Amino acid sequence: MGRFVVMVGVMVAVCRQSLHAFPQPLSLSADAREMQEMKISWGAATKAVLDESLAPHCSVILLTDSPFIMYSLSQVLRNKWAINLLQVAGNETLAFLPRIVKVARKIRRRAWCVAVLVASAHPSFLLAFARESRAARLLAWETRLLAVTSLTSYKAHDLLRRHWTFSMMNTVLLNLEPIIEKGEVLVHFPYTSNGRAQVVGVARWSSLSGLTHRGDTQRPFSEKFSNFHGAKIPVTALILPPFWKLVDPHAADSWSRYSGRDCLIMKSVARMLNFTFQMFKSSNIDEIMASLEADLVMISGFRIMLIPQVLARIDHSYFIDPASFTFSMAKPTIQPQWQSLYYPLGPWVWLSVLISTIVMSFLMYIISHMDEDMKSRSVVLETVGMLLGQDMWLQMPRWTAARLLVLLWLVLVFVISTGYKGTLIAFLSVPKYPTRPETMEELAKSNVRSLFTQNATRFLTYFQQSNIPAYRSVSSRVDIAITVKEGLQQISEQRKAFFHERYNTMLHIAEYFTNPDGSTRLYVARQNVIPNYAGWMMPHDAPYKQDVDRSLLRVIESGLKEKFTDDMMSQAWQEIRLKQKEYQEIRTQKTEQQEVKNKEEEEEEEDTSNTDQSDDRHKSLSLDHMQGAFWILLVGSILGVGAFLGEMIAGPRRLELATPWAACRADCLLFFSQGT
């Protein structure tokens, strides 16, 4: 005895019927003949189709609107597969169908191998199931759908064409004729060799011969999208260089009209799957997702960063690139470097020099009291003077220990002064730029405002809903820019951060914000701010996803993607350089014409441009580099004047202690008296 499982039984009926744990035998008084026909035709034919395509360890979800069909199928199928029975009945079947489909989806997601079996003699119920299964995402391509019904041949063919679930998904329709105990297995192929969609009878069933296949047709549950047979597939994308760009506006088809990195990848996938594409341009991401949800297009060739706000509405292809969403800012300007006199030596070196000077002065003081000839000299001034490269003792001490001490001090002073001078030149010559934000944490600490374009508002929502404090901090200070160029213009004039795709940002900076010598005031951060990948967009549970993914993987593993990326960047830089060259030539021509008309105005413009270029390049040392020495001079002068005035005010008694100061005071008094 095979496994038999009843997961959920739901019956909605006006007469308050209920579904028991196991299908109960129907009363023979109802119609014994009809029940017997169903048992033979519906059950045997369905089992014959499933026997060929479903392994014994798989599960079957049986959904129907008829207790007769449920009884007939369950009695036959339960001997081989695990059966999950879902029944709706009564006058309000369609109203309660969405609830049943959601239950079936839960069962399907828990099962490793599952087939959905929907059986009904009413086309309205089958169409309602098709709509609800698409809305509730019941089916994936791996989930096989067997629809069993009893219709005329015309209605059966029309049923397969009328909805995505039957026409595109992995669906087989078993159309039975119970009276003569025969049936036909139908499959809808949207792309065939004759260039149009076609409903194909892949097999026939009869109670005498069983299931027989047609030799010239495909088998049930076979691949539909491994070969598109040259069909033209509708795709959409944002025309955003260098991924998609218009190269020939007058071309007859989209294949020749567009180029770019992602366009070349799309063409490679198209060659492997044997299709061409027709481009429907979109202006924003919302328009792309709406087109995919409405089945107006099949693929979006514009790669998007995979975040929950996007994946809630659409599915994605195999990963193409890491998510390259990042930010750009203006390079920080050179800060006033009065500290440049301090930077050449580390804090511990300065401390060691200070301690060594104090110790050396103390030792020199002791030696000076041992030698009568040295008592008249200032030991501190001599020690510090040697440190600063000034003169030393004219008469060396007679003690060998003192000479050795002076020698060691001179060696230390030579090493320190030489290293300091060399490093000081480097610090003065090479500008020391302040640190610039490269990560989201550093950007959050800088407390600057952020800029997003209209197409990037979903990433702003991603930041606002993030669990990382830095992302929420950045999203609390946001402005909106209409275009990428406008956003870059704002950050070049104000201290802001502009969030956009990395490659496109780099090309905009190179084209619009780079000087002829290659320098620019803007930079792109090293870190990609979204820790995920980017891929193409597709409808949820698209049946052709696995074929597109397989082709994309071949493109990536073969190295074509890297080649297309390198070609894309080199071609983009070449185009930018050509534009800059043309711009320079036009500017030169205008300058020559202006020179003929007004030579003085042209010379004034040249002087202004030369001054600007020299300021930008920073080839010479400016006051920002050298102001440290001037600050020391200014502060020292102020302290000297203060000391002088203090000694003047101190009184005669203190000044008489030093004859030079007394003479200076007398001279100053004489000067002021003569002046008065």
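The shown structure was predicted, so the numbers you read here are calculated from the model rather than taken from an experiment. Side chains included, hydrogens not; waters and symmetry mates left out as well; all remaining heavy atoms used.
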Can any side-chain N or O of Gln278 pair as donor or acceptor with the backbone N or O of Lys232 at less than 3.5 Å?
no
About how many Å separate CE of Met266 and OG of Ser254, when rounded to the nearest 0.5 Å?
11.0 Å
So do the side chains of Pro308 and Tyr462 get within less than 4.5 Å of each other, counting heavy atoms only?
yes
Is there a side-chain contact between Met506 and His508 (heavy atoms, below 4.5 Å)?
no
Would you say Tyr503 has more than 12 foreign heavy atoms packed within less than 6.0 Å of its OH?
no
Donor-acceptor contact below 3.5 Å, side chain Ser466 vs main chain Phe463
no
Side chain to side chain, Arg449 and Val478, heavy atoms closer than 4.5 Å:
no
Under 3.5 Å, is there a donor on one side chain and an acceptor on the other for Gln309 and Gln465?
yes
Tyr318 side chain near Ile556 side chain, heavy-atom distance below 4.5 Å:
yes
For the backbone of Thr357 and the side chain of Ser361, can you confirm whether one donor and one acceptor N or O come within less than 3.5 Å of each other?
yes
Kindly say whether the aromatic ring centers of Trp536 and Phe302 come within a distance under 6.0 Å.
no
Check: Thr236/Ser291 side-chain N/O donor and acceptor closer than 3.5 Å:
no
Are the side chain of Thr461 and the backbone of Thr457 linked by a donor-acceptor contact shorter than 3.5 Å?
yes
Is it the case that over 12 heavy atoms from other parts of the model lie below 6.0 angstrom from the CZ atom of Arg550?
yes
Have Asp253 and Ser256 got a donor and an acceptor in their side chains that come within less than 3.5 Å?
yes
Determine whether more than 12 heavy atoms belonging to other residues, nucleotides or ligands lie under 6.0 Å from atom CZ of Arg472.
yes
With sequence neighbours excluded, tell me which residues meet ring pair (Phe, Tyr, Trp, His ring centres under 6.0 Å) with Phe243.
none
Interatomic distance, Leu460 atom CG to Ile480 atom CD1 [nearest 0.5 angstrom]
6.0 Å
Candidate list Asn284, Val484, Leu240, Asp286, test side-chain contact (heavy atoms from CB on, under 4.5 Å), partner Asn455, passing option
Asn284
So CZ of Phe513 and OG1 of Thr505: to nearest 0.5 Å the spacing works out to 11.0 Å
Nearest-0.5 Å distance that lies between atom NE2 in His540 and atom CD in Glu293
7.5 Å
With a 4.5 Å cut-off on side-chain heavy atoms, are Phe277 and Trp255 touching?
yes
With a 3.5 Å distance limit and no angle check, can you tell me whether Arg477 reaches the backbone of Ser473 through a side-chain donor-acceptor pair?
yes
Give a yes or no on whether the backbone of Asp567 and the side-chain of Ser570 come within a donor-acceptor separation of less than 3.5 Å.
yes
Sub-4.5 Å side-chain heavy-atom contact between Phe459 and Phe499
no
Could you verify whether a donor N or O on one side chain and an acceptor N or O on the other, from Arg303 and Ser324, lie under 3.5 Å apart?
yes
Does a donor on one side chain sit under 3.5 Å from an acceptor on the other, for Arg261 and Thr565?
yes
To the closest 0.5 Å, what do you measure between OG (Ser259) and CH2 (Trp244)?
9.0 Å
Please say whether more than 12 non-hydrogen atoms of neighbouring residues, nucleotides or ligands are located less than 6.0 Å from CZ in Phe319.
yes
Do Ile307 and Asn532 make a side-chain contact, defined as non-hydrogen atoms from C-beta onward lying under 4.5 Å apart?
no
When you measure from the side chain of Tyr523 to the backbone N and O of Glu438, does any donor-acceptor pair fall under 3.5 Å?
no
Atom pair CZ (Arg521) and NZ (Lys331), whose distance is rounded to the nearest 0.5 Å
9.5 Å
Would you indicate whether the side-chain heavy atoms of Ser317 and Met538 approach each other to under 4.5 Å?
yes
Check for me whether Lys485 meets the cation-pi criterion with Tyr512, that is, NZ or CZ under 6.0 Å from the six-membered ring centre and within 45 degrees of the ring axis.
yes
Short question: side chain of Ser300, backbone of Ala237 - any donor-acceptor pair under 3.5 Å?
no
Under 4.0 Å between a side-chain nitrogen and a carboxylate oxygen: does that hold for Asp315 and Lys545?
no
